[in-house]
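Remember, it's a predicted structure, so these values are computed and weren't measured experimentally. Just follow the structure's listing: the first ligand is 1, and inside any ligand the first atom is 1. The figures here come from the full heavy-atom set of this structure, side chains too, leaving out hydrogens, waters and symmetry mates.
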Amino acid sequence: MRVWDAGGFGQIHFDSAAIGEPLLGWIIENRVIQHALLERARQLPAVDLLCPAALEAIQALDNDRWRVQLNDERAFTTRLLVGADGAQSKVRHWAGINTGGWKYDQSAVVANVRSAKPHQETAWQRFLPTGPLAFLPLHDGRCSIVWATAPEQADALLALDDAAFADALAATFDGRLGAIVDVGSRAAFPLRLQHAHAYVRPGIALIGDAAHVVHPLAGQGVNLGLLDAATLAEVLLEAIATGHDIGSLRVLRRYERWRKGDNLLMMGVMDGFKRLFGASLPPVQWLRNLGMSLTDAAGPLKNLIARRAMGLEGDLPRLARGAG
Ligand SMILES: Cc1cc2nc3c(=O)[nH]c(=O)nc-3n(C[C@H](O)[C@H](O)[C@H](O)COP(=O)(O)OP(=O)(O)OC[C@H]3O[C@@H](n4cnc5c(N)ncnc54)[C@H](O)[C@@H]3O)c2cc1C
């Protein structure tokens, strides 16, 4: 992975060989992961898939149970409802859980593109004052780009024809991978930081973006959600094994405690990076570049950062350690 600052001399190079690993990670299209998980769920006899039905309303019952109403007339009672319904989570809203956070003055333009030079199985990120531009390597030689920039510039980039967009992209990327020779469909998403004040209520647990939305500059959003899911699964299995109610606050708070600190740390670090690289004051720019260069030269610190981002460090649930 190569990261560099458009406003100076700072750069960092992460190499899996330096920490004795074959890879730093995988870039996988979200729909591929979702498809694989859905196929697995279909194979499990204990899972009933109700889709394409959507959740329409929930109602609190006695004993901390919830009545769940679907949009196809079906309804049922549940001991635990897991809200994995994204940043606009209705489950969170119905459970009366508020969120904190703020909008960034940035939108992210995403697309798959092909560059004249090969991506070299490397994730590339250039930090500009307007936001980071990332090229993430795909298996077929293309790159998935995430270009965070001012909302009005994002709109202008969407309005360009493919050739003009390709030229703007190559120029903003410093020509690192040469000309952009093919551009797929483009979309833009407003960016924000959002954190639920609580992850749990009696009979309810929030996971993924329903609980937290981070800046995508380190591509950690899905990873955090998967860690939530793995942690909740572990906590619930233990509760079942010890005869506890899986919907009780006592059980669910264990999940919340385990994940909240880790998620807050990641949110804080991403937010700090966003602000640090958005700063245009010369002394801040100079210090930032010096910090990057020193980190690059300091092997142990750099390796610690890499191992943390790879999910090899920290208080990980068993599923995330490959322990099953
Ligand atoms: C521009 C951009 C780039 C990003 N890049 C990366 C990256 O490189 N790597 C990374 O890890 N993350 C990235 N992220 C973050 C990542 O997209 C999110 O963290 C992730 O998609 C959150 O997953 P989720 O399942 O929690 O929520 P979502 O993906 O929002 O899924 C929620 C699901 O719930 C369903 N749903 C909602 N309401 C209901 C209802 N009432 N009934 C039934 N179903 C319902 C929705 O249909 C949807 O399928 C990026 C985000 C942005 C904006």
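- Distances from atom 29 (O) of ligand 1 to the protein include no heavy-atom value under 4.0 Å.
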Original post:
When you look at L252 and L232, which way does the side-chain contact (heavy atoms from CB on, under 4.5 Å) test go after all the steps?
Top reply: CA-CA 8 Å; L252 296 177; L232 182 60; 4.3 Å; yes
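- Looking at atom 41 (N) of ligand 1, its nearest protein heavy atom turns out to be L55 O, 3.1 Å.
- Residues Y199 and N263 have side chains that bring a donor and an acceptor to within less than 3.5 angstrom of each other.
- Which parts of ligand 1 touch G86 is read off a 4.0 Å heavy-atom cut-off, strictly below it: atoms 27 (O), 30 (O), 32 (C).
- For atom 21 (O) of ligand 1, the closest non-hydrogen atom on the protein side is N30 ND2, 3.8 Å.
- Here the protein heavy atom with the shortest distance to atom 20 (C) of ligand 1 is V222 CG2, 3.9 Å.
- Within a 6.0 Å radius of CD in Q69, other residues, nucleotides and ligands contribute more than 12 heavy atoms.
- Between D64 and S248, the closest side-chain pair of non-hydrogen atoms is not below 4.5 Å.
- Nearest-heavy-atom check against atom 37 (C) of ligand 1 across D85, V214, I58, I207 picks out D85.
- Proximity of Q220 to ligand 1, defined as any heavy-atom pair under 4.0 Å, is confined to the backbone N, CA, C and O atoms.
- Within the 4.5 Å cutoff, the side chain of L80 has no heavy atoms near those of the V251 side chain.
- Contacts with ligand 1 closer than 4.0 Å are made by side-chain heavy atoms of P216 only, the backbone lying farther away.
- Of the listed options G221, A84, A148, G221 places a heavy atom closest to atom 15 (C) of ligand 1.
- In summary, the atoms of ligand 1 found under 4.0 Å from a heavy atom of A108, numbered by their order in the structure, are 1 (C).
- At least one N or O atom of D209 sits closer than 3.5 Å to an N or O atom of ligand 1.
- Here the CG atom belonging to L177 is positioned 12.5 Å from the CZ atom belonging to R114, to the nearest 0.5 angstrom.
- When non-hydrogen atoms are compared, ligand 1 lies under 4.0 Å from the side chain of V110 (C-beta onward) but not from its backbone.
- For atom 49 (O) of ligand 1, the nearest protein heavy atom is 4.0 Å or more away.
- Within the 4.5 Å cutoff, the side chain of W4 has heavy atoms near those of the R176 side chain.
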Original post:
Checking salt bridge (Lys or Arg N to Asp or Glu O under 4.0 Å) for the pair R250/D245: CA distance, chi angles, key distance, verdict?
Top reply: CA-CA 9 Å; R250 190 174 155 211; D245 179 353; over 6 Å; no
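- For the pair L136 and ligand 1, the shortest N or O to N or O distance does not fall below 3.5 Å.
- Counting protein heavy atoms only, atom 7 (C) of ligand 1 is closest to G219 CA, 3.6 Å.
- Closest to atom 53 (C) of ligand 1 among all protein heavy atoms lies F189 CB, 3.8 Å.
- Put simply, the side chain of W147 never gets that close to the backbone of A111: no donor and acceptor are under 3.5 Å apart.
- Ring planes of H215 and Y104: perpendicular class, angle over 60° (limits at 30 and 60°).
- Every atom of ligand 1 is numbered from 1 in the order shown, and the set under 4.0 Å from a heavy atom of G208 is 26 (O).
- When atom types are taken as modelled, the side chain of K260 and the backbone of H197 share a donor-acceptor pair closer than 3.5 angstrom.
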